[in-house]
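Everything on this sheet refers to the single structure shown next.
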Amino acid sequence: MNRNHLLAGMMGMLASAAVASPATAHPTIIQPADTTSGSVSAAPADTTSGSVSAAATDSVGTMPDQTLNEVSVVRRKPGMMRMKGPLNGQFISQDELFKAACCNLGESFTTNPSVDVSYNDAATGAKQIKLLGLSGKYVQMLTENLPNFRGAAIPYSLGYVPGPWMKSIQVSKGNASVKNGYEAMTGQINVQYLQPEDDQAVHINLYGNTMSRIEANADGNIHLSKGLSTELLGHYEDNLKEHDSNNDGFMDDPQTRQFNLQNRWYGKSGNYIFHGGLALLDEKRESGQTNHSGMLDHQTDPIYRINLNTHRYEGYMKHAFILDPTHGTNIAWMTSASMHEMDATYGRKAYDVNEKNLYSQLMFETNVAHDHNIALGASFNHDYFGQTYLGQRMNEKENVIGGYAQYTYNLHDRLIAMAGLRVDHSSMYGTFVTPRFHVKWQVNDIWSLRASAGKGFRSVHALAESNYLMASGRQLVIDPLDQERAWNYGLSTALNIPMWGKVLKLNAEYYYTRFSRQTVIDYDSDPTQIHITNLDGKSYSHTFQVDATIDPFRGMTVTAAYRYNDVKTTYGGELLRQPLTNRYKGLLTASYKTPLGLWQFDATFALNGGGRLPKAYTTADGTPSWQETYPAYGQLNAQVTRWFRHFSVYVGGENLTNYKQKNPIIDAAHPWSTTFDPTLVWGPMTGAMGYVGIRYNI
């Protein structure tokens, strides 16, 4: 491939990087699979930065007219692929997402060994992800490389991104590039939506399950002219009936009704590219007691209910200018704004929040030489929280302005080193510096090594981001809180071992996260309180993971993984294992597609290791209110898909082992007492569930 072809490909990639594709706005973060694993990119790599657009196939439409001197057609294996550059992570394609129902982002990590998704509490249905053994609040959430879903959106944000809207997900571990800010402590999750400039099509997805949940999704785009296209995305879901399988008088799953709508635009004229859009979400979430049957205090107290009404509005725009294609020089400006309104009642407790966010970033990038890339940028972030809790008004506001510089050295894709530095000034916490470093060494064609080190910071808005804790009968106590700070260090190695005509892909990694300042949710010190306070002592996480993937025969892929977590925090002067955190996880996935591609069979078995529960209180008869630990448990998910010319039908089941946490709500018979607590959830709350759906393409 000659130099002209390479430069043309780089120019298309940079255009996508700046605007057109979320996976490419920051090319050192989102990359396609490592070519050593048997996957290739549809566009040439940027040999300077050592990275490639994860949606490189989309960049062809944004490139100027050119002559291609050669074309290589290589079979690309769909599914979950490893990133190529210095960051350790995975690119999850839509094909991988189709292996499960994936109704929303929270249900999209079923087959992923690195990311756990669990309930925060048994009453509101709030969920969180865990990466490297730590809470999802330490993972920076991005939508198309713009920070999103902060503050009050954190507990429920995994349900705000419909699965059929997603084109891909990129998961990176450890500290990420300084381009996206200072917040990523354990990693980043970036969601790329379907794009307006994709091939014109209309997609419809209908879904229903045995828990009386129905969903309808539709998306379509139209090319208004050669350089202008638009797209409309729609989503509706509803839980039609109440379910109480354990007869504790409380709903197993909240009744949620959600409307979600987006309109997105793409434009291109010469070397200028534009992306922009508007989004609207309306959600009503109801939970609590179903009736008074069996309730001991029903004669004096009303029924206990939880109601959350959420309205969310978003807008974004991205502008990119290709200044010098020869040196890959481009400048881009990205801006997003959101308003998140929630009116909530937890029994007799009322909480209202109006959260507003404005984010803007200016970026410049160039290849100063064949192997050297420099990226510079500046950003501004504004957060405002207007909150009312128990009749008390509280306002929080923070402005952060900062800049970064990042240098990448790439020696023929064999040695890639990336060093970045950010300096930011917060109106609440003053000036702070964020250094980060990543390196990858491709030892040979089958063996690669990665290492990373860096610091992360996070501003805490405890009441907004932990509002689900208000469902507990315990007293919620919040101290004045510091900015969180943590160092993260990582080592990983990947091997692609040829054996019997196949390739065995092995990966092993170790990450260590150490907090110098942290916000601690303390259940242990006082059984009548949930105390949110500053760390006083040590807090760290050690995570070790090994996984292996092989295609034993045509159409069949098997992955096995094991992860061990050692996560400890100081509570009341005592260093303890973090409660409600699994000590280990085992995962086995198998996927088979018939030779003609008409049938697909997928199954995933997860073994979730046990863990520690917070210290129990003593009941009136002298017995502890719950055990000190919870046991390991297994879950089995399976799905069968039948593919037709223009549509597919899928049937599946989740938690087919039918394992349930016996009493997810503590003292459910007395919801108005201080001993009532639905937040100590460690296992599934519902048993086996079946579902059926159809995907239709026009």
Side-chain angles (χ1 to χ4, degrees), residues 8-27 29-32 41-44 46 52-66 68 76 78 91 93-95 97 142-146 161-162 164-170 190-204 217-235 261-279 314-322 325 328 330-336 363 697-698:
M10 288 169 56
M11 183 173 66
M13 183 201 70
L14 289 169
S16 275
V19 170
S21 167
T24 59
H26 301 293
I29 295 177
I30 307 306
Q31 303 121 10
S41 169
D46 182 348
V52 135
S53 164
T57 53
D58 297 331
S59 67
V60 175
T62 67
M63 291 160 55
D65 294 338
Q66 57 183 289
L68 301 180
R76 180 170 182 162
F91 173 83
S93 71
Q94 198 172 57
D95 298 279
L97 297 175
L142 307 171
T143 53
E144 307 199 333
N145 271 345
L146 284 166
V161 182
W165 293 10
M166 295 187 291
K167 188 173 183 177
S168 65
I169 305 173
Q170 296 85 40
N190 181 58
V191 175
Q192 178 186 356
Y193 290 111
L194 300 171
Q195 299 295 302
E197 67 271 26
D198 290 343
D199 291 339
Q200 292 189 134
V202 175
H203 306 100
I204 298 173
N217 299 274
D219 66 84
N221 64 338
I222 183 170
H223 295 184
L224 301 174
S225 64
K226 183 178 180 180
L228 181 65
S229 57
T230 187
E231 175 184 42
L232 192 65
L233 304 167
H235 168 82
L261 186 67
Q262 279 198 28
N263 180 222
R264 302 160 60 81
W265 289 83
Y266 163 82
K268 181 181 182 298
S269 177
N271 288 340
Y272 167 72
I273 303 173
F274 169 81
H275 254 232
L278 298 171
E314 297 180 44
Y316 79 96
M317 61 179 180
K318 302 179 182 181
H319 308 267
F321 303 87
I322 310 302
N330 70 95
I331 188 170
W333 176 41
M334 305 192 304
T335 298
S336 66
M363 301 171 289
N697 305 320
I698 301 175

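None of these values were measured; they are calculated from a predicted model.
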Roughly how far apart are Ile204 CD1 and Asn217 CG, rounded to 0.5 Å? 10.5 Å
To the nearest 0.5 Å, atom NZ of Lys268 lies from atom CD1 of Ile273 at 6.0 Å
Would you call Trp333 and Met363 a side-chain contact if the rule is heavy atoms closer than 4.5 Å? no
Which residues share a side-chain contact (heavy atoms from CB on, under 4.5 Å) with Asp219, sequence neighbours left out: Leu194, His203, Leu233
Side-chain donor/acceptor of Lys318 to backbone N/O of Glu144, under 3.5 Å: yes
Out of curiosity, Leu146 CG to Met334 CE, how far, rounded to the nearest 0.5 Å? 4.5 Å
Take Leu97 and Met166, measure what side-chain contact (heavy atoms from CB on, under 4.5 Å) needs, and give me the verdict at the end. CA-CA 9 Å; Leu97 297 175; Met166 295 187 291; 4.1 Å; yes
Excluding sequence neighbours, so at least two apart, what forms side-chain contact (heavy atoms from CB on, under 4.5 Å) with Thr230? Ile222, Leu224, Asn263, Trp265
If you measure from CD on Gln200 to NE2 on His223, what distance do you get to the nearest 0.5 Å? 5.0 Å
Pro196: what forms a side-chain contact (heavy atoms from CB on, under 4.5 Å) with it, not counting sequence neighbours? Ser229, Glu231, Arg264, Tyr266, His275
Please check this pair: side chain of Asn190 against backbone of Asn145, looking for a donor-acceptor N/O pair closer than 3.5 Å. yes
Atom pair CD (Gln170) and OG (Ser93), whose distance is rounded to the nearest 0.5 Å: 10.5 Å
If I take atom CG from residue Leu228 and atom CZ from residue Phe274, how far apart are they, to the nearest 0.5 angstrom? 9.5 Å
Assess whether side-chain contact (heavy atoms from CB on, under 4.5 Å) is satisfied between Trp165 and Val191, documenting all intermediate values. CA-CA 10 Å; Trp165 293 10; Val191 175; over 6 Å; no
Partner set under side chain to side chain donor-acceptor pair (under 3.5 Å) for Asn221, not counting sequence neighbours: none
Does Lys167 reach the side chain of Tyr193, with side-chain heavy atoms less than 4.5 Å apart? no
